K.L.:
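Have a look at this one before I ask anything.
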Amino acid sequence: MKNFYFHNPTKVFFGKGEVEKVGKLVKEYGNTVLLVYGKSSIKKMGLYDKVVNLLEKEDIKIIDFGGIDPNPRIESIREGAELCKKHKVDVVLAVGGGSTIDASKGIASAALYDGDPWDFYSYKVESVGALPIASILTLAATGSEMNAGSVVTNFETKEKNGWGSPYTNPKFSILDPVNTFTVSKHQTGCGVVDALTHVYEFYFSNEDAYLNDRVCEGIMKTIIHYGPIALKNPEDYEARANLMFGSTLALNGVSGFAKDFEGFNHITEHVLSAFYDIAHADGLSVLAPHWMEYILSDKTVNKFYEFAVNVWGVHPGKDKMAIAKEGIKRVSEYYKSLDMPLYLKDLNIINPPLDEIVDKTLHRETIGRYVALTKEDVKKILTNAL
Ligand code: NZQ
Ligand code: ZN
C-alpha cells in the first residue's frame, strides 16, 4: 500500500429533515448569503421557499442567483462573483446538483480574485482563497458536496475543465435523500453511472490496495443494487439514501485511498461535453464499457475477473478471460436496463470530429494511469463507440 494523506474538512448532515438546520449553520459564516441554484427544480419541489424561510428566520440577507445550467458555464461564475463583490456576500450556499455546487465553488473563489475566473480553470493561477461554501444536495451523482472539485465549461474555447483549491471543499453539506425524490429517471440513471465511474477510476489501478478495492466493491454493489429500485419507485427512501451516501463516498476520497485517479473516462467525457453539451454521465455511459473492452488483456485480466465476480456476481471459474468479458457485458446490460446510452449515436452524435476530440483529450503523449493510451488508442475506442 502506498503512503497517503487524507483530510476531508466538509461536515455532512445526512438524513430526513436535516435541512431545518441550514439557517443556523449558515449564520456561523456570516449575515449575507449568495443563494445559488439551477433552473426550476428547487422551486417546483418547494425547497426554495423552505430554505429562504429558514435563512430569513436567522436574519440572513439573501442575494438570489438562480439559473445555473447543467454543465455550468464560466459566464455564470463571472456573474455570481460580481454579485458577491457588489453585495459583500459572506457565504455562498448552493442548493442543487453537482452543477450548482461546482458553480458555487468557482463563484466563491472568483469573489476574492480580481482577474478572470477562467484563469483558475485554465490553470494559469492558483486561487488565493474562497468565501465559505455550503451546499444542500438535491441529486446523488457527482460527490461535489464533499470534495473540492469544480467542473466548468467555456463553450467559446470548447473546454470543460475540472479544478479545485484547498479552499473549495464545502464547509458543510446537507444531504436529505427526500430532496432527491423528484429527480427524473434519466438523471437518476446518470447519477448511478457517474458514481460508478468515479469508483472505476480508482478501482482499475496498478496499486496494491486490497482493502481499498473491497471498499470500492461495496460502494459499487450498493449503487448497482439500488439504482433500479429508485428508478421503479422514486420515493423509496432507502434506495435514495443509499444512492446519496454511495455517490458521496465514490468521490470524497474514501474510494481512492492510496490510489491514483485513472482518468481516461472523465477526461475524455469532459471533452465530449464541451463539444456537445451532453449530460456528463451520458458520455460516461458510452465510454466506460468500450474502454473496458479495449483495455482488457492478459495484463489486466485478473482485475477484470475480480470485477466480474465480486461486483457483477459472475460465477467464478477457470477461464478468467471469458469471465472478465462476461463482467464487462453485464456493465453494458445494466446501463441499458437503466435506459442509458451505449453508443455516441444514441446521443445523436453522428460523424464527430474524432481527431479534434482526441487532440483536446490528450495534452501529453498518453492518457490513463492504469493503462496508458495513445492518441491512436483513444481514437479506436471512440470509433468503437460510434
Ligand atoms: O437546473 P435544475 O432545475 O435544478 O435541474 C437539474 C438539472 O436539469 C435537475 N435536478 C437536480 N436536482 C433535482 C433535479 N430535478 C428534479 N429534482 C431534483 N431534486 O437535474 C439536472 C442535472 O443537474 P446537474 O447539477 O447538472 O447534475 P449533476 O449533479 O449530475 O452534475 C453534473 C455536473 O457535475 C460535473 C459534471 O461534469 C457536470 O458538469 N462533475 C462534477 C464533479 C465534482 N465536482 O467532483 C465530478 C464529476 O465527475 C462531474 O464531472
Ligand atoms: Zn463524474
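Residue numbers count from 1 along this sequence. As the structure lists them, so they are numbered: ligands from 1, and atoms in each ligand from 1. Just so we're clear, the structure is a prediction, and the values are computed from it rather than from any experiment.
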K.L.:
Is the ring centre of Y113 less than 6.0 Å from the ring centre of F120?
P.N.:
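Here the rings of F120 and Y113 have centres that are less than 6.0 Å from each other.
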K.L.:
In terms of the angle between their ring planes, are F261 and F202 parallel, tilted or perpendicular, with boundaries placed at 30° and 60°?
P.N.:
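Because their plane-to-plane angle is over 60°, the rings of F261 and F202 count as perpendicular.
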K.L.:
Which of the atoms of ligand 1 are close to H266, meaning less than 4.0 Å from one of its heavy atoms?
P.N.:
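Answer for ligand 1: 48 (O).
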K.L.:
Partners of D346 by salt bridge (charged side-chain N to carboxylate O under 4.0 Å, His left out), sequence neighbours excluded?
P.N.:
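Partners of D346 by the salt bridge (charged side-chain N to carboxylate O under 4.0 Å, His left out) criterion come out as none, since no residue qualifies.
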K.L.:
Can a donor-acceptor pair be found between the side chains of N53 and K57 at a distance below 3.5 Å?
P.N.:
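Checked: N53/K57 side chains show no N/O donor-acceptor pair below 3.5 Å.
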K.L.:
Just checking, is any N or O donor in the side chain of H225 or N242 under 3.5 Å from an acceptor N or O on the other one?
P.N.:
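N242 and H225 do not have a side-chain donor-acceptor pair below 3.5 Å.
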K.L.:
Measure from atom 21 (C) of ligand 1 to every heavy atom in K105, Q187, K39 and give the option owning the shortest one.
P.N.:
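Shortest heavy-atom distance from atom 21 (C) of ligand 1: Q187.
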K.L.:
Check this for me - ligand 1, G98, N or O atoms closer than 3.5 angstrom, yes or no?
P.N.:
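Such a contact does occur with ligand 1.
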K.L.:
For D194, take its heavy atoms, then give the atoms of ligand 1 lying under 4.0 Å from any of them.
P.N.:
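Near D194, the atoms of ligand 1 are 47 (C), 48 (O).
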K.L.:
Do the side-chain N and O atoms of S144 and D102 include a donor-acceptor pair separated by under 3.5 angstrom?
P.N.:
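D102 and S144 do have a side-chain donor-acceptor pair below 3.5 Å.
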K.L.:
What about F204 and W291, are their ring centers closer than 6.0 Å?
P.N.:
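F204 vs W291: aromatic centres under 6.0 Å.
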K.L.:
Would you say N71 has any N or O atom under 3.5 Å from an N or O of ligand 1, going by distance alone?
P.N.:
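Between N71 and ligand 1 (N or O atoms, distance only) the closest approach is under 3.5 Å.
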K.L.:
Are a donor atom and an acceptor atom from the side chains of T10 and N169 found within less than 3.5 Å of each other?
P.N.:
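The answer is yes; a qualifying pair exists.
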K.L.:
Check whether any side-chain heavy atom of V92 lies under 4.5 Å from a side-chain heavy atom of L131, and answer yes or no.
P.N.:
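Yes; the side chains approach each other to less than 4.5 Å.
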K.L.:
D355 and salt bridge (Lys or Arg N to Asp or Glu O under 4.0 Å): which single residue from K379, K360, K375 fits?
P.N.:
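The salt bridge (Lys or Arg N to Asp or Glu O under 4.0 Å) with D355 is passed solely by K379 among K379, K360, K375.
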K.L.:
Within ligand 1, which atoms have a heavy atom of N179 less than 4.0 Å away?
P.N.:
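Here the atoms of ligand 1 in question are 19 (N).
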K.L.:
Give me the ring orientation class for F181 and Y237: parallel if the planes are under 30° apart, tilted from 30 to 60°, perpendicular past 60°.
P.N.:
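Geometry flag for Y237 against F181: perpendicular rings.
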K.L.:
Is any N or O atom of K160, backbone or side chain, closer than 3.5 Å to an N or O atom of ligand 1?
P.N.:
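The answer is yes, given that K160 and ligand 1 share an N or O pair closer than 3.5 Å.
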K.L.:
Under a 4.0 Å N-O cut-off, is there an ion pair linking E201 with K259?
P.N.:
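Salt bridge absent between E201 and K259.
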K.L.:
Considering R240, M146, H198, which one's heavy-atom position lies nearest to atom 47 (C) of ligand 1?
P.N.:
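Comparing heavy atoms across R240, M146, H198, the nearest one to atom 47 (C) of ligand 1 lies in H198.
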K.L.:
Just to confirm my output: which protein heavy-atom neighbour is closest to atom 12 (N) of ligand 1, and how far is it?
P.N.:
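Result for atom 12 (N) of ligand 1: T138 OG1, 2.8 Å.
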K.L.:
So which heavy atom in the protein is nearest atom 5 (O) of ligand 1, and how far is it from that ligand atom?
P.N.:
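Atom 5 (O) of ligand 1 sits closest to the protein heavy atom S41 OG, 3.8 Å.
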K.L.:
Are any of the N/O atoms on G149, whether in the backbone or the side chain, positioned under 3.5 angstrom from an N/O atom of ligand 1?
P.N.:
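Such a contact does occur with ligand 1.
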K.L.:
Can you check the number of protein N/O/S atoms within less than 2.8 Å of the Zn ion (ligand 2)?
P.N.:
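Protein N, O or S neighbours of the Zn ion (ligand 2) under 2.8 Å, waters not counted, come to 4.
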K.L.:
Which ligand 1 atoms are under 4.0 Å away from a heavy-atom of P72?
P.N.:
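Contacts of ligand 1 toward P72, numbered from 1: 39 (O).
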